[in-house]
Asker: 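Quick one: the structure is below, and I'll ask about it shortly.
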Amino acid sequence: MTEARPALGFIGAGKVGSALALALADAGYAVVAVASSRLDAARALAAQIDGCDSPADPQGVVDRADIVFVTTPDAAIRAVASRHRWRAGAAVVHTSGSESRDALAAAAAAGAATASLHPLLAFADVEAARRSLRGASFTVEAEGPLAERLNALVADLGGTPLAIRSADKALYHAAGVFAGNYILTLLKLASDLWLYLGFDRELAVSALLPLIRGALANAERQGLAAALTGPIARGDAATVERHIEALAAATPALLDAYRCLGRETLPLAAEGGGLTPAAAKALGDLLSAQPPSLERTKTQL
C-alpha cells in the first residue's frame, strides 16, 4: 500500500517558496497553507493553488501541514523555529543552502523532525525556476523517515536528491556561489574590457553570452578538460604575455584576477593533455610574475 503524501505548508512566499509551492502542487501534492510577512504575497501565491489558505498568522500553517517549509531569508529561520508551537510527528524543513538544520533546533526541541532541502538553482525568476526544478539537484540534510519522504518529494519533482552532512553545508554553498554567482562577475569583468574598447554594456553582454553558452555546452558534452580552449590550453605564452601587458596598460585593476584565474586553469589544461610540462612552467612563471611594465616602474622608483 502506497503511503499517503504529506500535506505541505510554506512560511515565506518569496521566489524560492513560490516556485517550490507551485511545482509541488503541479506534482500532485496538497499545499494547504502559505504565510508570509507580506500578507499580499501569501494571498497571491495561495490564489494560484487549489485548496490553499493564506492565514495571517504563520501558526496556521504549522497547525495544518505535515511538513512545513521555511522559505524565508536565512536570517529569519531561527526566529521562525523558535516563535511557533510545533507538535511531535510534524516536520519542518528550511531551504537555505548555507545554514544547516541546526537552525531549526527550537522546533526539534519541541518534538518536530527537522531537515534542510536546497534546490541547486538560481531563483531570479519564479516561473523559470519552477520549470527548472525538473532536472535540478537538491541537497537533502535529514535522517530517517523524513529523509525518505524528502527524497521521494524530490523525485516527484523530477530532481535528483543528494545527501549532505551538516558540517559540509557552507563549503557546498560556496561552490554554488562560484558556479552561480561568480560566473556573472566574470561576465561583468569581460564586458568591462569592452567598455574600455568603446562598446556599451548591453552590446558587450549580448556578444559574450554565446561564448559562455558554447563553453558550458562543451563542458556538458565533453567534460571540463576537453572543453577548455584558449591560449593556456594551447600553451601559448606569447598571447598570455600580450594580455598581461595590455591589461597593465589599460585596466591594471583586472591583472590580479587574470593571473589568479590563469594559474587555476593550468591544472585543467594539463589534464586535457594539450600542455607540455615546459609550457606549463613557462605559463606559471608568467602568471606569477609582475608585468614587466610594473617591474620597470618599481626599478625606476
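Note that the coordinates shown come from a computational prediction; the quantities given were computed from them, not determined experimentally.
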Asker: Could you name each residue pair satisfying ring-ring contact (aromatic ring centres under 6.0 Å, His included) that touches residues 197-222, not counting sequence neighbours?
Answerer: W194-F199
Asker: Looking at CG of L189 and CG of L208, how far apart are the two atoms once the value is rounded to the nearest 0.5 Å?
Answerer: 11.5 Å
Asker: Between L283 and L275, is any pair of side-chain heavy atoms under 4.5 Å apart?
Answerer: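 A side-chain contact under 4.5 Å exists here.
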Asker: Which heavy atom of H84 sits nearest to which heavy atom of P58, and what is that distance?
Answerer: NE2-CB, 3.4 Å
Asker: Does CG belonging to D50 count more than 12 external heavy atoms closer than 6.0 Å?
Answerer: no
Asker: Filter on salt bridge (charged side-chain N to carboxylate O under 4.0 Å, His left out), then keep only pairs touching residues 265-284, sequence neighbours left out; what's left?
Answerer: K281-D285
Asker: Hey, any chance L268 and L266 share a hydrophobic cluster, counting ILVMFWY side chains that come within less than 4.5 Å of each other, even indirectly?
Answerer: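 In one cluster: no.
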Asker: Listing request: all salt bridge (charged side-chain N to carboxylate O under 4.0 Å, His left out) pairs with a residue in residues 169-178, at least two apart in sequence or in separate chains.
Answerer: E141-K169
Asker: Restricting to ring-ring contact (aromatic ring centres under 6.0 Å, His included), what partner residues turn up for F178, sequence neighbours left out?
Answerer: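 Scan of F178 (ring-ring contact (aromatic ring centres under 6.0 Å, His included), adjacent residues dropped) gives Y182.
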Asker: Taking salt bridge (charged side-chain N to carboxylate O under 4.0 Å, His left out) as the definition, give me every residue that meets it alongside D102, ordered by chain and number, with sequence neighbours left out.
Answerer: none
Asker: Share the residues that join L162 in a hydrophobic cluster, the rule being Ile, Leu, Val, Met, Phe, Trp or Tyr side chains under 4.5 Å apart at the heavy-atom level.
Answerer: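 Under the 4.5 Å side-chain rule, L162 groups with nothing.
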Asker: Just by modelled atom types, is the A33 backbone N or O under 3.5 Å from a matching donor or acceptor in the R64 side chain?
Answerer: no
Asker: Apart from L39 itself, which Ile, Leu, Val, Met, Phe, Trp or Tyr residues share its cluster (side-chain heavy atoms under 4.5 Å, direct or through members)?
Answerer: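 Members alongside L39: none; it stands by itself.
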Asker: Could you walk me through whether S54 and L45 satisfy the side chain to side chain contact (heavy atoms under 4.5 Å, CB included) test, starting with their C-alpha distance in whole Å, then the side-chain angles of each, then the deciding distance to 0.1 Å, before giving a yes or no?
Answerer: CA-CA 8 Å; S54 54; L45 177 56; over 6 Å; no
Asker: Under the side chain to side chain contact (heavy atoms under 4.5 Å, CB included) criterion, do L146 and I67 qualify, and how do the steps go?
Answerer: CA-CA 9 Å; L146 182 54; I67 299 178; 4.3 Å; yes
Asker: Which atom pairs, one a donor and one an acceptor, fall under 3.5 Å between side chains of residues 16-31 and the rest of the protein, sequence neighbours left out?
Answerer:
unit_1: S18; atom_1: OG; unit_2: A13; atom_2: O; d: 3.2
unit_1: S18; atom_1: OG; unit_2: G14; atom_2: O; d: 2.7
unit_1: D26; atom_1: OD1; unit_2: R130; atom_2: NH2; d: 3.1
unit_1: D26; atom_1: OD2; unit_2: R130; atom_2: NE; d: 3.0
unit_1: D26; atom_1: OD2; unit_2: R130; atom_2: NH2; d: 2.9
unit_1: Y29; atom_1: OH; unit_2: D156; atom_2: OD2; d: 2.6

Asker: To the closest 0.5 Å, what do you measure between CZ (R149) and CG (N151)?
Answerer: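 That separation rounds to 13.0 Å.
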Asker: Given side chains that start at C-beta, do those of L255 and I244 come closer than 4.5 Å, heavy atoms only?
Answerer: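 In contact.
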Asker: Around atom CD of Q222, are there more than 12 heavy atoms of other residues, nucleotides or ligands at under 6.0 Å?
Answerer: yes
Asker: Between A106 and A81, which heavy-atom pair has the shortest distance, and what is it?
Answerer: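 Distance-wise, the nearest heavy atoms are CB-O, 3.6 Å.
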Asker: For I164, which fellow cluster members are found when Ile, Leu, Val, Met, Phe, Trp and Tyr are connected by side-chain heavy-atom distances below 4.5 angstrom, either directly or through intermediates?
Answerer: L120, Y172
Asker: May I ask whether V240 and L247 are part of the same hydrophobic cluster, defined by side-chain heavy atoms of I, L, V, M, F, W, Y residues being less than 4.5 angstrom apart, directly or through others?
Answerer: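 Yes.
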Asker: Any chance you could measure L286, atom CG, to E241, atom CD, to the nearest 0.5 Å?
Answerer: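 Result: 5.5 Å between the selected atoms.
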Asker: Would you confirm whether D57, through its side chain, and G60, through its main-chain N or O, come within 3.5 Å as a donor-acceptor pair?
Answerer: no
Asker: Starting at CG of L150, measure out to CG of L117 and round the result to the nearest 0.5 Å.
Answerer: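 Rounded to the nearest 0.5 Å, the CG-CG separation comes out at 5.5 Å.
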Asker: Would a 4.5 Å heavy-atom cut-off, applied to side chains only, mark T229 and N218 as touching?
Answerer: no
Asker: So, for A65 and L8, which heavy atoms are closest and what is the spacing to 0.1 Å?
Answerer: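 Nearest heavy atoms, A65 then L8: CB-C, 3.7 Å.
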Asker: Atom OG1 in T71, atom CZ in F123: separation rounded to 0.5 Å?
Answerer: 10.0 Å
Asker: Backbone N or O of G12 within a donor-acceptor pair of the T72 side chain at under 3.5 Å?
Answerer: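 It does not hold such a pair.
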Asker: Ignoring hydrogens, what is the shortest heavy-atom contact between A129 and L121? Give both atom names and the distance.
Answerer: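 That closest heavy-atom pairing would be O-CD1, 4.0 Å.
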Asker: Is it the case that more than 12 heavy atoms not belonging to R201 sit under 6.0 Å from its CZ atom?
Answerer: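 More than 12 within 6.0 Å, yes.
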Asker: If you round to the nearest 0.5 Å, how far is OG of S191 from CG of L197?
Answerer: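 The CG atom of L197 sits 11.0 Å away from the OG atom of S191.
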Asker: With a cutoff of under 4.5 Å between side-chain heavy atoms, which Ile, Leu, Val, Met, Phe, Trp and Tyr residues group with I11?
Answerer: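 The other cluster members (ILVMFWY side chains, heavy atoms under 4.5 Å, direct or chained) are V61, V62, V68, V70, I77, V80, W86, V92, L104.
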Asker: Quick one: closest heavy-atom pair of S96 and S98, and the distance?
Answerer: OG-N, 3.2 Å
Asker: Can you name the residues that form a ring-ring contact (aromatic ring centres under 6.0 Å, His included) with H243, not counting sequence neighbours?
Answerer: Y258
Asker: Going through the distances and angles, do D192 and T251 end up as a side chain to side chain contact (heavy atoms under 4.5 Å, CB included)?
Answerer: CA-CA 9 Å; D192 282 348; T251 57; over 6 Å; no
Asker: Are L157 and I49 in one and the same hydrophobic cluster, where Ile, Leu, Val, Met, Phe, Trp and Tyr link if side-chain heavy atoms are under 4.5 Å apart?
Answerer: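 In one cluster with L157: I49, yes.
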Asker: Is H94 reaching over with its side chain to a backbone N or O of S100, donor-acceptor style, under 3.5 angstrom?
Answerer: yes
Asker: Please check if L187 and L216 belong to a single hydrophobic cluster, counting links between Ile, Leu, Val, Met, Phe, Trp and Tyr side chain heavy atoms closer than 4.5 Å.
Answerer: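 Per the 4.5 Å side-chain linkage, L187 and L216 are co-clustered.
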Asker: May I have the step-by-step check of side chain to side chain contact (heavy atoms under 4.5 Å, CB included) for S116 and E99, ending in yes or no?
Answerer: CA-CA 8 Å; S116 73; E99 287 276 6; over 6 Å; no
Asker: L133 versus P119: any side-chain heavy-atom pair under 4.5 Å?
Answerer: yes
Asker: Is there a continuous path of hydrophobic side-chain contacts, each under 4.5 Å between heavy atoms, that joins L209 to L186?
Answerer: no
Asker: Should the heavy atoms of other residues, nucleotides or ligands under 6.0 Å from CZ of R38 be counted, would the total exceed 12?
Answerer: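 Not more than 12 within 6.0 Å, no.
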Asker: Mind jotting down which residue pairs meet the ring-ring contact (aromatic ring centres under 6.0 Å, His included) criterion with at least one end in residues 30-75? Sequence neighbours excluded, please.
Answerer: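 Applying ring-ring contact (aromatic ring centres under 6.0 Å, His included) to every pair that reaches into residues 30-75, excluding sequence neighbours, yields F10-F69.
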